[in-house]
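For the single chain, residues carry numbers from 1 onward in sequence order. Whatever order the structure lists ligands and atoms in, that order sets their numbers, starting from 1. Hydrogens, waters and symmetry mates play no part in the numbers below; they use all other heavy atoms, side chains included.
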Amino acid sequence: MGDMKILAVESSCDETAAAVVENGRRVLSNVISSQIALHTLYGGVVPELASRRHIENINPVIETALAEAGCRLSDIDAVAVTKGPGLVGALLVGVAEAKAVAFAAKKPLIGINHMEGHVCANFLEHPDLEPPFLCLIVSGGHTHLAVLKDYGVFEVLGRTRDDAAGEAFDKVARAVGLGYPGGPKIEKAAREGDPEAVPVPRGKVDEHPFDFSFSGMKSAVLNYLNHEEMMGRTVSQADVAASFQQAVIDVLLTKTLNAAKALQADKLVLAGGVTANGALRQAFAEACARRSMKLYVPSPVYCTDNAAMIGAAAYYRLIRGERSGFDLNAEPGLGLGEEP
Ligand code: KG4
Ligand code: ZN
């Protein structure tokens, strides 16, 4: 088989994205139209507004992705799109668009799990990386410890019982007045803060060492904020940010290292928007170096939502002969490891 160019589309949340990826590893273009300015007005993502903005953006984003890759539609071998999980209205825009493009251009179509895409983002910059490997996936909607046993085959070791890590970042950021998008704002504020100033419990789940719980950690911060307000004291945003960020990093790192030990893993892969966090990346890099474990993390632009990662995941399914029909639908609640 010759080179395979995949046009990939991603619209699961608040970024409209398209990319052209060759053979699952080489990014020919990666276009992301962010809706941050729109949703900042409301302090968070407004699903209905996100869908409408996707509709406005999707054609120009795809045209730009093709142009930057130096391709025409006829040069493309397949069309890939995020089918879930995500916001249903947002997903539907990408799915309908991908179907229309694939039908008009007579190209194969494939729907991709967004979380699998996040993990496959690592293939874009690490040519030596191949499954099996242990991975930690931390995004706005999900937190998973899993093993990618083979391309497209996940075994989930643990997951969050309540909030996702990114969601907790977003809620704490809002409560302390840092606003949307929470993760990057917390990271920036935390640089000036004391990570030990505010006591934040390290959430754990009894009997399930690889499961996560972030809602108690978030509540501890909210209680602290209420208490300080009642006492008439002003809080340091920087201290709250630094303390909460450190607590989340501690929990993610401890559980991941325990899993690595149990599995005797010699490599670890990070994925998802929260892994764009510089303090988290540094903590994992140091811990892995001490254990002679090889760490793989995407560049920040491939940690947060993008379409190149969807193109990477799609390649390995397409070469196994997988295709989606034109009855492909959005699957907002799609889990990890739930596909054949
Ligand atoms: O993977 P992603 O872009 O979208 C989802 O699939 O959810 O992740 C978005 C999440 C948000 O909760 C955002 O606050 C968080 O990732 N995030 C960060 C950082 N950048 C994004 N969290 C901590 N530090 C960051 N620098
Ligand atoms: Zn994502």
Side-chain angles (χ1 to χ4, degrees), residues 8-17 19 30 32-36 39-40 43-45 47 50 81-87 90-91 94 112-122 135-144 159-160 163-176 178-191 193 212 214-215 217-218 240-242 244-253 270-284 297-310 312-313 332-336:
V9 176
E10 152 67 42
S11 69
S12 65
C13 190
D14 57 351
E15 327 274 1
T16 319
N30 184 42
I32 303 170
S33 171
S34 167
Q35 303 183 0
I36 285 179
H39 299 291
T40 296
V45 179
V81 62
T82 303
K83 63 180 176 183
L87 301 170
L91 289 165
I112 294 296
N113 182 318
H114 181 80
M115 309 308 292
E116 181 172 326
H118 273 303
V119 173
C120 294
N122 282 280
C135 50
L136 172 70
I137 312 160
V138 263
S139 72
H142 298 82
T143 306
H144 280 103
R159 53 164 56 85
T160 182
D163 291 356
E167 182 183 3
F169 265 100
D170 295 335
K171 288 176 176 168
V172 165
R174 187 188 300 203
V176 74
L178 286 167
Y180 162 91
K185 295 245 165 110
I186 295 251
E187 176 176 6
K188 188 152 179 274
R191 288 191 201 121
F212 301 92
F214 295 104
S215 95
M217 298 169 63
K218 169 198 70 188
V240 171
F244 181 72
Q245 175 176 279
Q246 190 56 54
V248 172
I249 293 172
D250 281 355
V251 168
L252 292 171
L253 188 58
L270 304 185
V274 178
T275 64
N277 185 284
L280 180 148
R281 297 164 78 93
Q282 197 183 335
F284 273 82
V297 201
S299 299
V301 68
Y302 296 126
C303 289
T304 48
D305 289 347
N306 66 88
M309 69 185 197
I310 302 301
L334 183 64
L336 185 69

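No side-chain donor-acceptor contact under 3.5 Å links S299 to the backbone of V301. Using modelled atom types, no side-chain atom of D250 and backbone atom of L253 make a donor-acceptor pair closer than 3.5 Å. At least one donor-acceptor pair closer than 3.5 Å links the side chain of K185 to the backbone N or O of Y180. Under a 3.5 Å cut-off, the side chain of S215 and the backbone N or O of D163 do not form any donor-acceptor pair.
Near E187, the atoms of ligand 1 lying under 4.0 angstrom from a non-hydrogen atom of the residue are 25 (C), 26 (N). Close approach of ligand 1 to G141 is summarised as follows: ligand atoms under 4.0 Å from at least one heavy atom of the residue are 7 (O). The G166 neighbourhood of ligand 1 comprises atoms 12 (O), with distances under 4.0 Å to a heavy atom of that residue. Interface of P184 with ligand 1, defined as ligand atoms under 4.0 Å from a residue heavy atom, comprises 19 (C), 20 (N), 21 (C), 25 (C), 26 (N).
Of all protein heavy atoms, the one closest to atom 7 (O) of ligand 1 is G140 N, 2.8 Å. At the top of the distance list for atom 22 (N) of ligand 1, counting protein heavy atoms only, stands G183 CA, 3.3 Å. For atom 6 (O) of ligand 1, the nearest protein heavy atom (residue, atom name, distance) is H114 NE2, 3.0 Å. Protein heavy atom closest to atom 24 (N) of ligand 1, with residue, atom name and distance, is N277 ND2, 3.0 Å. At the top of the distance list for atom 11 (C) of ligand 1, counting protein heavy atoms only, stands D170 OD2, 3.5 Å. In terms of protein heavy atoms, atom 15 (C) of ligand 1 is closest to V274 CG2, 3.9 Å. Of all protein heavy atoms, the one closest to atom 21 (C) of ligand 1 is G273 O, 3.4 Å. Counting only heavy atoms of the protein, atom 2 (P) of ligand 1 lies nearest to D305 OD1, 3.3 Å.
When distances to the Zn ion (ligand 2) are checked against a cut-off of 2.8 Å, H118 contributes an N, O or S atom below that limit.
The distance from the CZ atom of R281 to the CD1 atom of I249 is 12.0 Å, given to the nearest 0.5 Å. With values rounded to the nearest 0.5 angstrom, T160 atom OG1 is found 8.0 Å from E167 atom CD.
Residue contacts with ligand 1, taken as heavy atom pairs separated by less than 4.0 Å, do not involve E15 at all. Residue-level proximity to ligand 1 for H118 is carried by the side chain, the only part with a heavy atom below 4.0 angstrom.
The distance between the ring centers of F214 and F169 does not fall below 6.0 angstrom.
A donor-acceptor pair shorter than 3.5 Å cannot be found between the side chains of Q35 and S33.
Checked against the Zn ion (ligand 2), the N, O or S atom of H114 at the shortest distance is NE2. Taking the Zn ion (ligand 2) as reference, the nearest N/O/S atom within D305 carries the name OD1.
The nearest pair of heavy atoms linking P298 to C303 is O-SG, 3.4 Å.
The only option from T275, N113, T304, D305 that meets the side chain to side chain donor-acceptor pair (under 3.5 Å) definition with H118 turns out to be D305.
No more than 12 heavy-atom neighbours from other residues, nucleotides or ligands sit within 6.0 angstrom of CZ on R174.
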